[in-house]
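The structure under discussion appears below in the form of structure tokens.
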Amino acid sequence: MNDLLNRLVKKNISETKLGTVASYIPELDKAKKDALGIYIIDNEGNEYFSGDYETKFTIQSISKIVALMLAILDNGEEYVFSKVGMEPTGDPFNSITKLETSRERKPYNPLINAGAIAVSSMIKGKDARDRFERLLDFFKKISEDETLDVNYKIYCGESETGNRNRAMGYFLKGEGIIEGNVEDALDIYFKQCSIEVTAKTLAKIGLFLANNGKLSTGEIVITPKIATIVKTLMVTCGMYDSSGEFAVRAGIPSKSGVGGGILSVVPGKMGIGVYGPSLDKKGNSIAGVALLEDLSTELNLTIF
């Protein structure tokens, strides 16, 4: 397997030249454009890796699936999806257009920014700090990594430049989607996006979902129903407005982030973490997508 991963990383690393590193959030543009790495953990506990798999980066939008799990645990599926939909939008992840023009006037799904901000507002706790600490502890639990923490330089950049996200937050408050303090919800969202991870972290969370919410210790943290909801939304909405094409070409439930990460799940088999900060025009890792498509073809990983 490591030989296969080495070959696929070598084959796809040239794809990094075709993309650009995210620059709209300060500090993200310091990433090495030609970096590409992958980490796989399977159900037998085997670990395989290649390339820049040890590089630390911020989780960004991949955090949305983790916040969604905790929000459903806290509030129940019915409440969460009364506030956000389950449908793909076909629009960019940070689009504000359909918020005002859609009939229901709620975010189309939890994996676009507006939906994710609404989900972050639902996490329970005494105050904003307590709510984020609960979310960070949940990240640590399902990744089985107690060292996870926020990159505060990235967090400050997120908060300082997040005006479009603030606009969405206040619109959602006006529509009754966010019931608490908007700035608290935004602060939780900016912090969760700034959690620092590696490809291995993503693979661990991927394996947790592949096993329907069960840790390597055997502890069940979420129900199989919640795991199924999350994996289904990853297929339909996880790769922004390239989700359909990626489902056809790779067929693996996946969630990307503008930090260059992709978390992928092969149900019942393995979790995969990919890092490649050079992004395509939709905000997905350009070489990471190509690498996963090749891996899926080689190992017949498609769920379809």
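If you read the sequence from its start, that first residue is 1, and numbering goes on from there.
- Here the closest heavy-atom approach between residue Val9 and residue Leu291 is recorded as N-CD1, 4.0 Å.
- Within 6.0 Å of NZ in Lys214 there are 12 or fewer heavy atoms belonging to other residues, nucleotides or ligands.
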Pair Asn151-Glu196, side chain to side chain donor-acceptor pair (under 3.5 Å): steps then yes or no: CA-CA 6 Å; Asn151 179 321; Glu196 206 162 46; 3.1 Å; yes
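- Between the side chain of Asn75 and the backbone N or O of Tyr79 there is no donor-acceptor pair closer than 3.5 Å.
- Between Glu298 and Arg7, at least one side-chain nitrogen of the basic residue sits less than 4.0 Å from a carboxylate oxygen of the acidic one, meeting the salt-bridge criterion.
- At a cut-off of 3.5 Å, with distance as the only test, no side-chain donor of Ser278 or Thr16 sits close to an acceptor on the other residue.
- A 4.5 Å side-chain heavy-atom check between Ile222 and Phe208 finds at least one atom pair inside the cut-off.
- In this structure, Tyr240 and Asn284 have side chains that are in contact, with non-hydrogen atoms separated by less than 4.5 Å.
- At least one donor-acceptor pair closer than 3.5 Å links the side chain of Ser296 to the backbone N or O of Ala250.
- A distance-only check finds a donor-acceptor pair linking the side chain of Asp52 to the backbone of Leu36 [under 3.5 Å].
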Audit row: Glu179, Ser121, side chain to side chain donor-acceptor pair (under 3.5 Å) steps and yes/no: CA-CA 8 Å; Glu179 294 182 3; Ser121 77; over 6 Å; no
Leu292/Phe246 under side chain to side chain contact (heavy atoms under 4.5 Å, CB included): CA gap, chis, key distance, verdict: CA-CA 9 Å; Leu292 284 166; Phe246 186 78; 4.0 Å; yes
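- Under 3.5 Å, the side chains of Lys225 and Thr228 contain no donor-acceptor pair of N or O atoms.
- The residues Glu133 and Arg129 are annotated as not salt-bridged, no charged nitrogen and carboxylate oxygen being separated by less than 4.0 angstrom.
- Residues Ile252 and Thr302 have side chains not in contact (no heavy-atom distance under 4.5 Å, counting atoms from C-beta outward).
- Of the possible donor and acceptor atoms, one in the side chain of Asn6 sits under 3.5 Å from a partner among the backbone N and O of Asn2.
- Under 3.5 Å, the side chains of Lys173 and Asn181 contain no donor-acceptor pair of N or O atoms.
- Arg166 has a carboxylate O that lies under 4.0 Å from a charged side-chain N of Glu183, or vice versa, which qualifies the two as a salt bridge.
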Side chain to side chain contact (heavy atoms under 4.5 Å, CB included) assessment of Asn46 paired with Ile41: CA-CA 6 Å; Asn46 299 308; Ile41 309 175; over 6 Å; no
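- When all heavy atoms of Cys237 and Ser243 are compared, the pair lying nearest together is C-OG, 3.2 Å.
- Taking the six-membered ring where the residue is Trp, the centroids of Phe190 and Tyr155 are separated by 6.0 Å or more.
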Verdict with supporting geometry, Met270 and Asn43, side chain to side chain contact (heavy atoms under 4.5 Å, CB included): CA-CA 6 Å; Met270 66 180 74; Asn43 250 344; over 6 Å; no
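- Using a distance-only test at 3.5 Å, with no hydrogens or angles considered, a donor-acceptor pair links the side chain of Lys106 to the main chain of Phe81.
- A distance of 6.0 Å separates CG of Leu135 from CG of Leu70, quoted to the nearest 0.5 Å.
- For Ser285 (side chain) and Gly276 (main-chain N/O), a donor-acceptor pair under 3.5 Å exists by modelled atom type.
- Considering all non-hydrogen atoms of both residues, Ser194 and Glu158 come closest at OG-CG, 3.5 Å.
- For Lys140, the NZ atom sits in a packed shell: over 12 heavy atoms of surrounding residues, nucleotides or ligands are nearer than 6.0 Å.
- In this structure, the side chain of Lys83 does not engage the main chain of Pro107 through any donor-acceptor pair within 3.5 Å.
- Under a 3.5 Å cut-off, the side chain of Ser159 and the backbone N or O of Cys156 do not form any donor-acceptor pair.
- Salt bridge annotation for Lys11-Asp294: present, with a cationic side-chain nitrogen under 4.0 angstrom from a carboxylate oxygen.
- Proximity of a side-chain donor or acceptor of Thr58 to a complementary backbone N or O of Gln60 within less than 3.5 Å is not detected.
- Asn109 places a side-chain N or O within 3.5 Å of a backbone atom of Ile112 that can act as its donor or acceptor partner.
- A side-chain N or O of Lys231 and one of Asn212 form a donor-acceptor pair less than 3.5 Å apart.
- Between Met69 and Ile229 there is no side-chain heavy-atom pair separated by less than 4.5 Å.
- Annotation: ring-ring contact (aromatic ring centres under 6.0 Å, His included) contacts of Phe139 (sequence neighbours excluded): none.
- The environment of CD in Glu219 is crowded: more than 12 heavy-atom neighbours from other residues, nucleotides or ligands sit within 6.0 Å.
- A salt bridge does not link Asp145 to Lys200: none of the charged side-chain nitrogens sits closer than 4.0 Å to a carboxylate oxygen.
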